[in-house]
**Student:** 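Take a look at the following structure, please.
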Amino acid sequence: MTESAAKSHRTVSRVTAILELAAEQPGIRLGTLAWALDAPKSSVFGLVKGLVSTGYLVEDDSGFQLGPALGNLLTAERPNLADAARPTLEELRDTFDETAMLGTSVGDSVVYIAAAESRQLIRYSAPLRHRRPLFPPSAGKVLLAARSPRKRDAYLHSIIDDPERLDEARTELERVRAEGVAINRGETLPDVSATARPVVVHGRTLAAIAVAGPTTRIAERLPEIAEALVEATRAVTARLS
């Protein structure tokens, strides 16, 4: 085996070991991972950072645990969340006749994993399981606002160069975190607007429910829809709890 092949094999072994340890010990710390792998903390940190950025791990105050990207590999993992939300998405669709979606964060992206599309001829259609930026989609704003200020600001700095626009985005996300609702008025697509609220289970934001439609049709109804999302997210939380 060549030296480069050996290093590649070692990296693969460490990555799989990190995922297995995170599955066995949710909330595992970086120091524990380095000790278990008998590897320098700096080396393990680089691998962990990559797994977090791609959504295979998530980090919170307790440490590291498996992330939602594994749902792309383990089909039994993600449908639990999608199945819990589907009746609520259909109810929202039937009530407002606009498209209702469930989105989760996968690394630095929002991915829609379930949707109930409007039956109207002109409607918003959200491709499922495609990575989209966390900002400015309404579901992404909700998920981004739930992050720590340090991680939130790091993401904003990576996509926004203008200092004034950066301050506006930071202020908006602080409001989203405080009020629990995000609005997107034609920021992603000029003709589409949406509103979203978080699905919170045991204090952790797992996903966001959003309702979107043509701006000319939905704009005036966004406050009404946002109010309906309060009960909608509670219903999904109850099923997951």
Side-chain angles (χ1 to χ4, degrees), residues 81-82 85-106 108-147 152 155-156 159-160 162 164-200 205-237:
L81 178 56
R86 191 162 285 111
T88 296
L89 299 179
E90 293 174 352
E91 183 177 348
L92 287 167
R93 185 268 317 277
D94 294 343
T95 299
F96 299 105
D97 205 3
E98 301 293 356
T99 299
M101 305 160 290
L102 178 74
T104 62
S105 59
V106 177
D108 283 340
S109 304
V110 57
V111 175
Y112 297 117
I113 61 173
E117 289 200 3
S118 168
R119 296 188 177 94
Q120 301 196 61
L121 182 62
I122 299 175
R123 62 183 182 271
Y124 178 69
S125 181
L128 300 182
R129 294 177 172 80
H130 285 264
R131 293 179 184 247
R132 292 167 173 249
L134 286 168
F135 193 90
S138 59
K141 288 179 181 178
V142 166
L143 297 167
L144 185 57
R147 294 186 174 184
R152 176 204 64 194
Y155 176 81
L156 291 177
I159 63 168
I160 301 174
D162 180 65
E164 183 177 349
R165 180 69 188 105
L166 185 64
D167 286 341
E168 291 174 354
R170 186 184 295 113
T171 298
E172 180 182 5
L173 290 176
E174 289 173 351
R175 179 192 58 76
V176 170
R177 186 183 183 99
E179 299 179 2
V181 61
I183 301 289
N184 179 342
R185 297 183 185 272
E187 298 170 63
T188 306
L189 297 171
D191 298 328
V192 176
S193 292
T195 183
R197 284 188 182 272
V199 175
V200 181
T205 298
L206 296 184
I209 294 179
V211 176
T215 298
T216 54
R217 194 170 65 214
I218 199 175
E220 293 184 356
R221 305 190 73 188
L222 289 177
E224 176 190 0
I225 296 171
E227 187 64 27
L229 285 175
V230 173
E231 184 56 39
T233 52
R234 285 175 181 167
V236 177
T237 296

**Student:** Which atom pair, heavy atoms only, marks the closest approach of A145 to V176?
**Tutor:** CB-CG1, 3.8 Å

**Student:** List the steps and the verdict of salt bridge (charged side-chain N to carboxylate O under 4.0 Å, His left out) for D94 and R119.
**Tutor:** CA-CA 9 Å; D94 294 343; R119 296 188 177 94; 3.0 Å; yes

**Student:** Do the side chain of R177 and the main chain of R147 share a donor and acceptor less than 3.5 angstrom apart?
**Tutor:**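 Pair found, side chain donor or acceptor close to backbone of R147.
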
**Student:** Once side chain to side chain contact (heavy atoms under 4.5 Å, CB included) is applied, do any residues pair with P127, and if so which ones, sequence neighbours excluded?
**Tutor:**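 Residues passing side chain to side chain contact (heavy atoms under 4.5 Å, CB included) with P127: H130, R132.
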
**Student:** I need the minimum non-hydrogen distance between S105 and L134, along with the two atoms involved.
**Tutor:**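 Reported closest heavy-atom pair: CB-CD2, 4.4 Å.
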
**Student:** If every non-hydrogen atom of P133 is compared with every non-hydrogen atom of V110, which pair is closest and at what distance?
**Tutor:** O-CG1, 3.4 Å

**Student:** Search all heavy atoms of G180 against all heavy atoms of P198 and return the closest pair with its distance.
**Tutor:**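 Here G180 and P198 meet closest at O-CD, 3.2 Å.
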
**Student:** When rounded to the nearest 0.5 angstrom, what is the spacing between CG in L206 and OG1 in T237?
**Tutor:** 8.0 Å

**Student:** Can you list the steps and then say if T188 with N184 is a side chain to side chain donor-acceptor pair (under 3.5 Å)?
**Tutor:** CA-CA 8 Å; T188 306; N184 179 342; 2.9 Å; yes

**Student:** When rounded to the nearest 0.5 angstrom, what is the spacing between CG in D162 and CG in L166?
**Tutor:** 8.5 Å

**Student:** For residues Y124 and M101, determine if any side-chain heavy atom of one lies less than 4.5 Å from a side-chain heavy atom of the other.
**Tutor:**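 Answer yes - side chains close enough.
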
**Student:** Side-chain contact, heavy-atom cut-off 4.5 Å: E117 with S125?
**Tutor:** yes

**Student:** If I compare all heavy atoms of L143 with all of G103, which pair ends up nearest, and what's the gap?
**Tutor:** CD1-O, 4.1 Å

**Student:** Tabulate below the donor-acceptor pairs under 3.5 Å that side-chain atoms of residues 225-236 make, not counting sequence neighbours, or state none.
**Tutor:**
{"from": "T233", "atom 1": "OG1", "to": "L229", "atom 2": "O", "distance (Å)": "2.9"}
{"from": "T233", "atom 1": "OG1", "to": "V230", "atom 2": "O", "distance (Å)": "3.0"}

**Student:** Please examine the side chains of T104 and L81, heavy atoms only from C-beta on, and report whether any two atoms are closer than 4.5 Å.
**Tutor:**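 L81 vs T104: side chains touch.
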
**Student:** Counting only N and O atoms by type, is there a donor-acceptor contact under 3.5 Å from the side chain of S193 to the main-chain atoms of A219?
**Tutor:**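 Not at all, since once roles are kept as given, no pair shorter than 3.5 Å links the two residues.
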
**Student:** Are the side chain of Y112 and the backbone N or O of A139 linked by a donor-acceptor pair below 3.5 Å?
**Tutor:**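 No.
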
**Student:** Holding to side-chain hydrogen bond (donor to acceptor under 3.5 Å, both in side chains), I want the full list of residues that pass it with R185, two or more places apart in sequence or in another chain.
**Tutor:** none

**Student:** State, yes or no, whether a side-chain contact exists between V199 and T205 at a heavy-atom distance under 4.5 Å.
**Tutor:** no

**Student:** My understanding is that only residues two or more places apart in sequence, or in another chain, count here; which of them pass side-chain hydrogen bond (donor to acceptor under 3.5 Å, both in side chains) with D191?
**Tutor:**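 side-chain hydrogen bond (donor to acceptor under 3.5 Å, both in side chains) list for D191, sorted by chain: empty.
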
**Student:** What pairs with S109 under side-chain hydrogen bond (donor to acceptor under 3.5 Å, both in side chains), at least two apart in sequence or on another chain?
**Tutor:** none

**Student:** Sequence neighbours left out, what passes salt bridge (charged side-chain N to carboxylate O under 4.0 Å, His left out) with E172? Give chain and number order.
**Tutor:**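 Checked E172 against salt bridge (charged side-chain N to carboxylate O under 4.0 Å, His left out); matches are K141.
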
**Student:** Quick one, I113 and L128 - any side-chain contact, counting heavy atoms below 4.5 Å?
**Tutor:**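 No, side chains not in contact.
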
**Student:** Could you list the residues that satisfy side chain to side chain contact (heavy atoms under 4.5 Å, CB included) with E91, not counting sequence neighbours?
**Tutor:**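 E91: side chain to side chain contact (heavy atoms under 4.5 Å, CB included) contacts with T95.
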
**Student:** Apply salt bridge (charged side-chain N to carboxylate O under 4.0 Å, His left out) to R93 and list each qualifying residue two or more places apart in sequence or on a separate chain.
**Tutor:**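 For R93 there are no salt bridge (charged side-chain N to carboxylate O under 4.0 Å, His left out) partners, ignoring immediate neighbours.
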
**Student:** Would L156 and L144 satisfy side chain to side chain contact (heavy atoms under 4.5 Å, CB included), going step by step from the backbone distance to the final call?
**Tutor:** CA-CA 9 Å; L156 291 177; L144 185 57; 4.0 Å; yes

**Student:** So which pairs with a foot in residues 207-220 pass salt bridge (charged side-chain N to carboxylate O under 4.0 Å, His left out), sequence neighbours left out?
**Tutor:**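 Residue pairs passing salt bridge (charged side-chain N to carboxylate O under 4.0 Å, His left out), neighbours aside: E98-R217.
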
**Student:** Please test I183 against L222 for side chain to side chain contact (heavy atoms under 4.5 Å, CB included), starting from the C-alpha separation and ending with a verdict.
**Tutor:** CA-CA 8 Å; I183 301 289; L222 289 177; 4.0 Å; yes

**Student:** Quick one: does F135's side chain get under 4.5 Å of L173's, heavy atoms only?
**Tutor:**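 They are in contact (side-chain heavy atoms under 4.5 Å apart), so the answer is yes.
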
**Student:** So, taking the atom named CD1 in I160 and the one named CG in D167, what distance separates them when rounded to the nearest 0.5 Å?
**Tutor:**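 I160 atom CD1 to D167 atom CG measures 10.0 Å (nearest 0.5 Å).
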
**Student:** Ignoring hydrogens, what is the shortest heavy-atom contact between A212 and I218? Give both atom names and the distance.
**Tutor:** C-CD1, 3.8 Å

**Student:** Would you please name every residue forming a salt bridge (charged side-chain N to carboxylate O under 4.0 Å, His left out) with R152, sequence neighbours left out?
**Tutor:**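 R152: salt bridge (charged side-chain N to carboxylate O under 4.0 Å, His left out) contacts with E174.
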
**Student:** With sequence neighbours left out, write down each residue that passes salt bridge (charged side-chain N to carboxylate O under 4.0 Å, His left out) with E90, or none if nothing qualifies.
**Tutor:** none

**Student:** Could you give the distance from CD (E224) to OG1 (T195), rounded to the nearest 0.5 Å?
**Tutor:** 11.5 Å

**Student:** So, using side-chain hydrogen bond (donor to acceptor under 3.5 Å, both in side chains) as the criterion, who are the partners of S118 when residues are at least two apart?
**Tutor:** D97

